[in-house]
Amino acid sequence: MNCIIIGIAGGTGSGKSTFTNRLKDEFNDNVAVIYHDNYYRRQDDVSFEDRKKVNYDHPDSLETQLLLEHLYMLKDGRAVDCPVYDYSLHNRSDQTVHIEPRKIIIAEGILLLADKRIRDLLDIKIYVEADADERILRRVVRDVKERGRDIDNIVEQYLTTVKPMHYLYVEPTRAMADIVINSGMNHVAFDIVRSKIQLMLSEEDIKS
């Protein structure tokens, strides 16, 4: 199956999901989204208290090999059953999400561009950046409202793992992106990416 695989990376709270959702709304049924966050490793043999202390912003915390296999399957026209991560348990759940191949596959995650194998598979690599103050505020709001976390836990995690890992592993991938945008709501950047995707889709239709 001919498809376009787009990677959207950037720091926590940078606006990746906003940009992803805008593309999904624009291209509707032609888009399937796969989230790197769902590929955090299963930790059934680790206690809940110890799971809370794991460095989830280090590349080793993710089963990227499985994500890579799933992207190849989607590119090959085969459906995948993607794992689902449960943030309240700090562990992978027993549920899966069935994803059918589409003309446009969007992969999203803070460390998506940190793995060369993933980068080599992507047709378009996008890095979304935002001021550090904005990112931490968005993370606090999200973690409290959506993931039931308390402020003390969020602050401790941010200072001990999120912030140092951002500068060590996430921000360096900015240089590996094809397009760097300063906001998920940047309309000019969105128009450019949309036009590029439309052009690539037209080219694929001609080939087929």
Side-chain angles (χ1 to χ4, degrees), residues 3-40 56-57 59 62 64 67 71 74 82 84-85 87 97 99 102-115 118-119 121-147 149 154-155 157-158 161-163 165-201:
C3 69
I4 300 165
I5 304 181
I6 302 168
I8 300 180
T12 181
S14 61
K16 297 184 302 300
S17 295
T18 298
F19 201 79
T20 296
N21 290 333
R22 291 181 71 189
L23 289 175
K24 189 174 181 182
D25 291 342
E26 179 69 26
F27 293 98
N28 298 311
D29 293 338
N30 285 320
V31 176
V33 182
I34 192 164
Y35 297 96
H36 202 183
D37 282 3
N38 277 327
Y39 290 79
Y40 280 119
Y56 293 101
D57 292 82
L62 293 149
T64 303
L67 171 63
L71 288 175
L74 290 167
C82 158
V84 174
Y85 186 74
Y87 291 95
V97 173
I99 300 178
R102 294 287 185 264
K103 290 183 177 180
I104 302 167
I105 307 296
I106 299 177
E108 180 201 307
I110 64 170
L111 292 164
L112 193 72
L113 301 183
D115 192 297
I118 298 290
R119 293 198 305 272
L121 188 59
L122 301 174
D123 297 294
I124 303 175
K125 300 181 289 291
I126 300 170
Y127 185 93
V128 185
E129 62 182 0
D131 181 81
D133 291 339
E134 292 180 28
R135 290 192 291 102
I136 180 57
L137 287 173
R138 290 173 187 163
R139 184 184 178 100
V140 168
V141 172
R142 180 200 67 191
D143 283 3
V144 170
K145 287 187 174 181
E146 299 177 15
R147 300 178 181 177
R149 304 264 176 89
I154 296 169
V155 171
Q157 186 181 45
Y158 181 79
T161 61
V162 178
K163 184 177 179 180
M165 293 301 102
H166 174 81
Y167 292 113
L168 190 59
Y169 291 109
V170 182
E171 192 170 89
T173 67
R174 181 185 188 278
M176 302 168 188
D178 301 313
I179 302 170
V180 178
I181 62 176
N182 62 355
S183 167
M185 291 303 294
N186 186 315
H187 300 304
V188 174
F190 179 78
D191 288 343
I192 291 172
V193 173
R194 176 179 57 189
S195 297
K196 178 61 177 176
I197 294 171
Q198 289 171 337
L199 177 61
M200 295 176 75
L201 286 174

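Owing to the predicted nature of the structure, the values given are computational and were not obtained by experimental measurement.
R22 has no carboxylate O lying under 4.0 Å from a charged side-chain N of D25, or vice versa, which leaves the two without a salt bridge.
For the pair S14 (side chain) and V128 (backbone), a donor-acceptor distance under 3.5 Å is present.
Atoms CD1 and CG, from I6 and L112 in turn, are 11.5 Å apart once rounded to the nearest 0.5 Å. Between M176 atom CE and K125 atom NZ the span is 10.5 Å, to the nearest 0.5 Å. For the atom pair CG (N38) and CG (L67), the distance works out to 10.0 Å, reported to the nearest 0.5 Å. Note that the CD atom of E26 and the CD atom of Q198 stand 6.5 Å from one another [nearest 0.5 Å]. Note that NE2 of H36 is 7.5 Å distant from CG of D115, once rounded to the nearest 0.5 Å. How far CD1 of I124 is from NZ of K196: 6.5 Å, rounded to the nearest 0.5 Å.
Residues Y56 and L62 form no side-chain contact, since every pair of their non-hydrogen atoms from C-beta on lies 4.5 Å or further apart. Residues V97 and Y35 form no side-chain contact, since every pair of their non-hydrogen atoms from C-beta on lies 4.5 Å or further apart. Using a 4.5 Å heavy-atom threshold, the side chains of L111 and Y169 count as touching.
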Next item on the list: Before giving the answer on side-chain contact (heavy atoms from CB on, under 4.5 Å), spell out for T20 and V31 the whole-Å C-alpha distance, their side-chain angles and the decisive distance to 0.1 Å.
Entry: CA-CA 10 Å; T20 296; V31 176; over 6 Å; no
Next item on the list: Apply side-chain contact (heavy atoms from CB on, under 4.5 Å) to the pair V193 and F19, showing each step before the final yes or no.
Entry: CA-CA 10 Å; V193 173; F19 201 79; 3.9 Å; yes
Note to self: Between F190 and I181, does the side-chain contact (heavy atoms from CB on, under 4.5 Å) criterion hold? Intermediate values first, please.
What the structure shows: CA-CA 9 Å; F190 179 78; I181 62 176; over 6 Å; no
Check: Can you list the steps and then say if R194 with I197 is a side-chain contact (heavy atoms from CB on, under 4.5 Å)?
Finding: CA-CA 5 Å; R194 176 179 57 189; I197 294 171; 5.8 Å; no
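Contact detail for C82 and I99: the closest heavy-atom pair is CB-CD1, 4.0 Å. The minimum heavy-atom distance linking D123 with C3 is given by the pair OD2-O, 3.7 Å. Residues R102 and N30 share a closest heavy-atom pair of CB-O, 3.2 Å. Taking all atoms of both residues into account, the shortest heavy-atom contact from K16 to G11 is NZ-O, 3.1 Å.
Taking the ring-ring contact (aromatic ring centres under 6.0 Å, His included) definition, one finds that Y158 meets it with nothing, sequence neighbours left out. With sequence neighbours excluded, no residue forms a ring-ring contact (aromatic ring centres under 6.0 Å, His included) with Y127.
Each of I110, V170, T12 was compared with V162 under the side chain to side chain contact (heavy atoms under 4.5 Å, CB included) criterion, and only T12 meets it. A side chain to side chain contact (heavy atoms under 4.5 Å, CB included) with L122 is found for exactly one of L113, I4, I8, namely L113.
The aromatic rings of Y40 and Y85 lie tilted to each other, with the angle between the two planes from 30° to 60°.
The environment of D191 atom CG is dense: over 12 non-hydrogen atoms of other residues, nucleotides or ligands sit within 6.0 angstrom. Environment of CZ in R174: sparse, with no more than 12 heavy atoms of neighbouring residues, nucleotides or ligands closer than 6.0 Å.
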